[in-house]
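Worksheet: the structure to be examined is printed underneath.
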Amino acid sequence: TSNEPEEESNGGAAADSTEAPAGGNDEPGETVTIGFSGPAADHGWLAAINSSAQEAAESYEDIDFRAAEGTNDASLQISQIETFINEGVDAIVLLPTDGAALTDVAIQAMQAGIPVVNVDREFSSPFAARTTILGDNYGMGVSAGTYACQLIEDNSIADPVIAEIAGIDALPLTQDRSRGFADALSDCDQEVDNRVSAEFTVESGEAEASNLLQAAPQIDIIWNHDDDQGVGVKAAFENAGRDEFFFIGGAGSCNAMQWIEDGEMEATVLYPPTQAADGIKLARLIAQGKSMSDLVQVEVPRRTVLYAPVVTADNLEEFVDQCFES
Amino acid sequence: AMTEPLLQMHAIVKQFPGVRALDGVDLDVVPGEVHCLLGQNGAGKSTLIKVLAGVHHPDEGTITWQGDDVRLANPIAAMRLGIATIYQELDLVDGLTVTENIYLGHEMSTLGLSRRGDAQRATEALLARLGHPEISPRREVGQLSAAGKQIVSMARALSHDVKLIVMDEPSAVLDQNEVHRLFRVIRDLTEHGVAVVYISHRLEEIREIGDRVTVLKDGRTVATGLPAKETPTAEVIRLMTGRSIEYVFPARSSDIAADGAVLEVRNLTRPGEFHDIGFDVRPGEVFGLVGLVGSGRSEILETVYGARKAATGTVSIRGKRLRVGSVGAAVSAGIGMAPEERKSQALLLNESIINNLTVASLAKFSRGSFVQRGDELTAATEQVEALDIRPHDPTREVRTLSGGNQQKVVLGRWLIKGCTLLLLDEPTRGVDVGARSEIYALIRQLADDGVAVLMVSSEVPEVLGLADRVLVLREGRTVYEGPAEEIDEHQVLDLVMEGSAA
Amino acid sequence: MSDQATPPPAVTPPPDEHQRVEALAEETARRESSFTRMMNSSVGRNLGLVIALVVLIIIGVATAGDRFASVDNMLTILRFASVIGVVSIGMTFVIIGGGIDLSVGAIVALASVWATTLATQTMAEDTHWLVMVLAALAVGTGCGVVNGTLIAYGRMAPFIATLAMLAAARGLAEIISERKTQIVDVREFVEFFGGDFLGIPRLVWIFALVSAIGWVLLNRTTFGRRTISVGGNPVAARLAGINVKRHTLFLYMLVGFACGIAAIMIIARTTTGSSTHGLLYELDAIAAVVIGGTLLTGGRGTIVGTVFGVLIFATLTNVFTLNNLDTSSQAVAKGVIIVLAVLLQQRVAARNGST
Amino acid sequence: MSDQATPPPAVTPPPDEHQRVEALAEETARRESSFTRMMNSSVGRNLGLVIALVVLIIIGVATAGDRFASVDNMLTILRFASVIGVVSIGMTFVIIGGGIDLSVGAIVALASVWATTLATQTMAEDTHWLVMVLAALAVGTGCGVVNGTLIAYGRMAPFIATLAMLAAARGLAEIISERKTQIVDVREFVEFFGGDFLGIPRLVWIFALVSAIGWVLLNRTTFGRRTISVGGNPVAARLAGINVKRHTLFLYMLVGFACGIAAIMIIARTTTGSSTHGLLYELDAIAAVVIGGTLLTGGRGTIVGTVFGVLIFATLTNVFTLNNLDTSSQAVAKGVIIVLAVLLQQRVAARNGST
Ligand SMILES: Nc1ncnc2c1ncn2[C@@H]1O[C@H](COP(=O)(O)OP(=O)(O)OP(=O)(O)O)[C@@H](O)[C@H]1O
Ligand SMILES: Nc1ncnc2c1ncn2[C@@H]1O[C@H](COP(=O)(O)OP(=O)(O)OP(=O)(O)O)[C@@H](O)[C@H]1O
Ligand SMILES: [Mg+2]
Ligand SMILES: [Mg+2]
């Protein structure tokens with residue numbers, strides 16, 4: 001994480017993906033070429049990332065949008081960024097497969113005078129990005145854990161069985177989420193009793209969940225990192241006819257919101273894919289030398305960390321229109 | 001007094017890339033005859049019968065079957081006419097049982113479901129008819145010996161309702177006694193009016209079983225309809241080769257070093273294959289193993305060579321014991337082997353003659369493990385010249401050579417390496433008369449140069465003619481060892497079957 | 001040959017020595033017949049696998065007790081095994097036939113998406129679930145036709161042709177689904193295929209049925225026997241008058257069809273169609289088939305072995321989860337266990353002289 | 001046979017009938033010799049690939065103009081190609097030798113992680129970069145030894161043995177790295193391997209070097225010859241005195257070593273070691289090798305072909321990116337293009353009578 005004492009703005013960016021910002025920023029300016037590269041859209045949330053970036057770009061006729069093939073191979077993504085540098089695009093929006101692995105090439109871009117907007121997975125050097133928009137993975141875990149503790153307290157559950165269905169374990173972001181979850185739980189002297197990790201896909205979600213249900217005959221709380229694999233997880237619940245537990249989700253897909261509304265899900269922790277859209281918008285502003293008119297600063301802030309709120313039946317309508325189709 | 005012909009092939013031409021395999025061949029066959037097809041390696045015999053079997057399509061020429069012209073689009077078409085073929089390269093599937101192999105392609109089935117019982121019984125009948133009731137229809141073909149497989153191929157041909165059976169060198173892997181059994185089957189067939197086209201390089205067989213002879217040379221018919229019994233052998237050979245070869249064996253050299261043996265084998269045993277085998281081979285000596293198919297000759301050779309692990313017993317070269325079951329040890333001790341099945345065991349078919357010649361002696365042609373391709377080429381060219389391997393082009397892929405020349409390549413491999421003991425398993429299998437006499441001469445030449453030769457052949461006369469001493473095997477046990485002159489063909493046959501007669 | 005000399009003496013029918021050898025063989029067979037029979041029965045040939053599976057089950061019981069031994073858990077394992085199992089059965093045929101199919105996972109994805117978009121978009125609510133079933137099967141078989149044509153008639157290497165299909169089919173699946181998970185609202189469909197029959201999930205029944213049919217097809221029909229010949233010795237097959245190209249095409253259609261079935265099953269399991277379904281199925285399926293003793297070079301293989309292979313992998317995953325093992329250790333353990341299972345299988349097979 | 005009596009007449013070298021057939025053949029050969037020579041040169045044998053690559057380049061220029069044609073872009077393509085390229089060279093040997101290695105990607109990951117944890121943890125700052133290099137190479141080769149031993153001496157199917165290694169190596173990599181990306185703070189290392197030499201990235205030099213060495217090894221050394229024999233006809237190779245088992249072991253050590261090099265390259269490229277490096281390299285490498293005309297059945301293949309295969313895939317990806325094609329369409333296009341390239345290659349090869 002950055003040690004720069006830069007100003008931070010919370011939530012704002014998440015908001016302006018939906019309601020257009022005040023001021024003149026949306027008036028067409030000089031046409032700018034923006035290169036976008038993200039991981040392989042091999043599941044809903046990432047697909048949403050790509051499409052939201054796409055839509056955001058299309059909503060401005062002064063953006064010439066270039067999207068590289070989504071990939072999970074750092075080496076390939078590096079060559080894509082190199083390609084953007086060779087092309088001399090005006091700005092690059094980069095959701096790295098692995099923050100650290102893409103840092104050097106991002107620095108190259110910056111040194112080549114191309115502002116880089118770092119989305120979601122953070123670089124290992126503060127000099128690699130002009131601005132950074134982070135979904136807060138650790139915070140997401142914390143929110144989930146805190147909410148779990150609260151459930152335990154409200155329902156005064158004696159030594160509860162807590163299960164976690166993580167995403168792809170090899171990814172740093174999964175580690176962060178789990179760490180946050182564990183830390184938050186430890187604040188109410190709880191710990192994760194059963195943990196499986198799926199692959200963000202519906203199928204793996206179903207498979208892992210159905211095995212998990214066998215592993216733990218009685219569960220009180222399940223946190224599933226990702227609503228996209230959650231579709232499979234829910235299918236597993238139905239197949240096994242189990243619903244004795246509180247089901248907490250992650251990311252905030254429209255399916256999840258629906259389930260919450262139907263009372264089939266307790267809550268979900270927001271992790272908006274709209275951050276890519278924000279990335280595009282900010283990249284455009286930077287490239288056009290504009291500022292975020294809805295902020296006091298004259299420049300686009302250095303770091304934006306999206307808040308990871310817990311969406312429940314109570315505050316559903318606040319967030320429902322931010323949900324993403326997956 | 002021939003009836004109207006069953007089959008007439010006229011002016012057949014078949015062109016392969018770079019090779020005009022058939023260049024106007026005529027063949028006519030009448031019902032109930034055994035029509036022998038002769039020709040040197042590469043003369044086009046197999047190609048011709050593959051045309052007849054619908055495998056190759058002729059570029060020119062006509063095929064008339066029982067009076068009307070036919071086009072044989074595929075093997076099925078030929079089978080439907082009643083033409084069955086036993087191919088030169090065994091055409092069986094190891095993973096299938098005897099029964100399944102026999103009925104492959106024309107399975108007994110209802111609605112695609114195999115009628116295994118019926119097929120089973122039919123197979124038993126066929127095998128009995130071939131005099132091999134002991135081969136179990138349920139056995140996987142991969143487990144049979146070469147001979148066993150040949151029997152199955154024959155049963156396969158008989159499983160069709162046939163008017164003509166084509167046999168491409170069926171006797172190559174059979175011993176005399178099997179061959180006679182085969183002949184009885186053939187006579188039985190011809191008595192029922194079935195015609196047989198019979199291909200073989202063993203001219204004595206032609207005389208015994210054949211009615212008429214057609215001779216191919218250079219892909220052309222040079223003579224057809226010769227009476228098999230009357231035509232002198234010399235004449236046939238002249239037609240085939242365009243020259244006259246005295247079809248005899250080179251004289252034995254008198255001076256075999258009486259002193260220390262190169263190879264000493266002592267109580268060698270592999271349960272179920274051979275028992276307590278012991279013999280010596282001296283420098284300059286040709287030592288022959290005789291026995292029926294399955295008597296374990298190949299196994300003995302392979303065991304001496306370390307390709308099989310001896311259960312008990314020792315193999316020593318010049319008094320030094322060989323490590324058991326290590327080909328590497330054998331090779332570095334100066335042993336070379338030309339195995340039984342050329343294509344599958346010896347040759348790199350897609351590689352050049354050069355690479356095939358030098359594969360066993362790469363060390364010799366490399367400096368610091370870099371291949372000295374110059375030296376290699378020179379050495380290879382020399383061998384090609386010396387052995388008269390056709391074509392005289394060391395870069396040719398071995399795949400395109402004829403049987404005889406392929407065999408020469410295998411021998412050349414060990415000549416280049418230079419070895420003190422040479423193991424030859426069926427060195428003339430499928431090799432034509434011309435090449436044969438050359439190989440005989442070559443073997444003798446090697447012996448005279450002081451190499452010890454240990455050979456196996458299913459042709460008793462060949463062993464008796466070529467070897468200085470022979471060891472006769474029955475059921476994997478020694479029944480005779482001694483000078484070749486002191487024993488003749490019939491004695492050998494008696495020996496190998498002795499006792500079991502009844 | 002020489003002189004027109006003495007005709008060979010009328011040799012009295014010589015008792016060929018083969019009689020001995022084979023007779024001997026027969027005898028040995030008879031002596032241990034009952035044992036040999038057993039050994040050569042499918043189960044016997046897969047004894048190593050049986051042992052491996054049993055060991056796994058023992059471990060499962062030892063470490064997870066009733067949680068493992070329960071009927072529910074067994075059904076979970078079976079339900080989990082059934083989808084990949086159906087694909088593996090199809091794969092078995094292709095591999096025995098001397099080929100390989102890397103595109104199975106992608107085909108499953110494409111079929112699932114195609115079928116579900118039919119349901120969710122084109123006809124919306126009033127789709128009869130049969131339409132979905134037919135769509136999935138048609139798409140799967142169609143992809144098989146493309147693979148088979150390229151390989152049999154285009155003479156492409158199976159590996160490369162199906163690799164191309166892998167890329168193309170997944171891409172197409174993503175385009176059709178717009179990368180969104182298609183949720184199936186045709187309840188009859190989900191209820192039918194997701195439901196039970198005689199207390200056992202229909203998915204498991206399907207797997208059992210497919211396996212049984214596969215076994216009959218391979219061992220009792222001309223198609224199966226021809227498949228072995230095409231894989232074991234294509235030249236011989238051709239000489240026997242078998243249309244090798246057409247047969248090869250059929251083989252890839254067959255595995256494609258199996259993928260269609262698997263797609264239906266996965267839709268029922270997850271109530272969705274998605275371009276991410278069937279990820280890495282190709283590896284799982286081939287692994288199950290090869291562990292099951294089928295030769296990748298073709299010409300040899302058993303359905304029973306494949307079923308065991310599938311069950312072993314499914315049980316493995318289940319035991320791991322029950323013991324709450326983390327993914328990394330699972331991977332390592334998996335690797336080691338695969339090796340042990342195969343080595344065991346070989347040793348046992350060797351001892352019985354089969355293989 | 002009879003009269004062994006008569007002495008042998010001096011057999012004059014007989015005018016064997018082959019003279020005609022072969023003489024004819026030779027003649028034809030001579031006529032088109034120059035052409036044939038060219039055709040049988042590596043380039044010739046890969047003419048189809050050359051054409052495919054040229055076509056791709058033309059498309060690139062046509063669609064992206066200078067953005068494609070620029071030196072920088074070429075270097076970008078090459079830099080990207082070099083890592084997978086090195087792996088593919090190693091893979092070429094294994095496949096020609098009649099095997100296959102599915103674990104290359106996992107080995108790259110493990111080697112990268114092992115080397116970097118050495119740097120980041122064990123010795124911290126003061127690691128000499130050579131230590132990292134050696135570590136990577138050692139780990140890669142070590143994995144190769146395990147693969148080779150299981151396959152050559154344990155007689156396991158290469159597919160299954162290396163599949164097991166795939167699982168195990170990735171798992172181990174995750175455990176060692178604790179699933180954290182290991183950032184390399186040994187700058188000399190990154191600067192050396194990441195840097196340029198004569199204006200060309202050292203990564204590309206390494207790829208070029210490895211390819212050259214690979215070519216020599218395959219075409220000019222006894223090792224290469226033996227590899228072809230072992231892959232082409234193992235039985236014959238064994239009976240010719242080649243130690244087939246040991247050679248097989250060496251082949252897997254070789255590819256493991258190549259993976260070690262690739263690991264160093266990827267560390268330099270990403271400045272990190274990670275258990276997620278080298279994902280699906282196995283498929284990419286095998287695809288490149290097979291597209292390059294190497295037979296999966298072994299015994300035949302060329303290094304040049306593999307290099308072309310690698311370049312084609314790398315260029316393809318680059319052209320896609322430049323034309324900013326969406327991922328899904330890219331996948332579909334990729335599949336189609338692979339098919340076209342191979343078919344083209346075959347037709348051309350067939351026309352020249354080679355292959
Ligand atoms: N498939 C093929 N492709 C190219 N050339 C071939 C092919 N088959 C045979 N030939 C060539 O055609 C000629 C005749 O071959 P064929 O096998 O018919 O001879 P043959 O009389 O059967 O010899 P042998 O007695 O050794 O079996 C040979 O020169 C051979 O190299
Ligand atoms: N692959 C095999 N599997 C099982 N048994 C075999 C196999 N090969 C040979 N045999 C058996 O081993 C014995 C010896 O085989 P083989 O035919 O090689 O002996 P041989 O004396 O060399 O005869 P030939 O000269 O025809 O090779 C025979 O009984 C044969 O059936
Ligand atoms: Mg022939
Ligand atoms: Mg033999």
Side-chain angles (χ1 to χ4, degrees), chain C residues 1-3 5-6 100 102-103 106 146 150 154-161 163-179 275 280 282-283 286-287 289-291 293-297 326-343 346 350, chain D residues 1-3 98 100 102-103 106 146 150 154-161 163-179 275 280 282-284 286-287 289-291 293-297 326-343 346 350:
Chain C
M1 142 149 211
S2 74
D3 49 54
T6 51
I100 195 156
L102 298 180
S103 61
V146 176
L150 289 174
R155 298 202 314 287
M156 281 180 72
F159 187 98
I160 205 74
L163 187 70
M165 174 59 79
L166 187 165
R170 265 209 200 283
L172 198 55
E174 288 176 7
I175 293 176
I176 293 178
S177 67
E178 294 156 338
R179 295 223 204 74
S275 56
L280 294 188
E282 50 277 11
L283 285 187
I286 298 173
V289 171
V290 176
I291 279 244
T294 298
L295 294 187
L296 268 174
T297 48
D326 74 283
T327 10
S328 313
S329 326
Q330 282 193 26
V332 176
K334 193 167 179 178
V336 175
I337 290 172
I338 292 178
V339 171
L340 293 182
V342 172
L343 290 181
Q346 280 177 345
Chain D
M1 300 291 156
S2 71
D3 46 326
I100 196 158
L102 297 180
S103 61
V146 176
L150 289 175
R155 299 203 314 286
M156 282 180 72
F159 187 98
I160 205 73
L163 187 70
M165 175 59 78
L166 187 165
R170 265 208 200 283
L172 199 55
E174 289 175 11
I175 292 174
I176 293 177
S177 66
E178 292 155 338
R179 299 220 199 74
S275 56
L280 294 187
E282 51 276 12
L283 284 188
D284 297 348
I286 298 174
V289 171
V290 176
I291 278 242
T294 299
L295 294 186
L296 270 173
T297 47
D326 80 274
T327 322
S328 313
S329 325
Q330 287 194 22
V332 176
K334 196 167 180 174
V336 175
I337 290 172
I338 293 178
V339 171
L340 294 182
V342 172
L343 291 180
Q346 280 177 345

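Throughout, a chain's letter reflects where its sequence line sits, starting with A, and its residues are numbered from 1.
- Across all non-hydrogen atoms, the minimal contact from Ile160(D) to Ala287(C) is CD1-O, 3.8 Å.
- Heavy-atom pairs under 4.5 Å with chain D peak, among Ser328(C), Ala331(C), Gly171(C), at Ser328(C).
- There is no contact between Val336(D) and chain C, counting heavy-atom distances below 4.5 Å.
- With a 4.5 angstrom heavy-atom cutoff, Ile175(D) touches chain C via backbone and side-chain atoms both.
- Atom CZ of Arg170(C) is separated from atom NZ of Lys334(D) by 14.0 Å, given to the nearest 0.5 angstrom.
- Interatomic distance, Leu163(C) CG to Asp284(D) CG, rounded to the nearest 0.5 Å: 8.0 Å.
- At a 4.5 Å heavy-atom cutoff, the contact between Val342(C) and chain D is made by side-chain atoms alone.
- Here the CG-CD1 distance, from Leu150(D) to Ile338(C), works out to 11.5 Å after rounding to the nearest 0.5 Å.
- Heavy atoms only, all atoms of each residue included: Gly335(C) and Ala167(D) are closest at N-CB, 4.2 Å.
- Taking every heavy atom of both residues into account, Ala168(D) and Val332(C) meet most closely at O-CG2, 3.6 Å.
- When the candidates Ala169(C), Gly154(C), Ala161(C), Pro158(C) are compared by the number of heavy-atom contacts under 4.5 Å with chain D, Gly154(C) comes out ahead.
- Note: Ile286(D) leads Val290(D), Ile291(D), Ile286(D), Leu296(D) in heavy-atom pairs under 4.5 Å with chain C.
- Neither the backbone nor the side chain of Met165(D) comes within less than 4.5 Å of any heavy atom of chain C.
- If you take CG on Leu166(D) and CG on Leu283(C), they are separated by 7.0 Å, rounding to the nearest 0.5 Å.
- Taking each heavy atom of Val339(C) and Ala164(D) in turn, the nearest pair found is CG2-CB, 3.7 Å.
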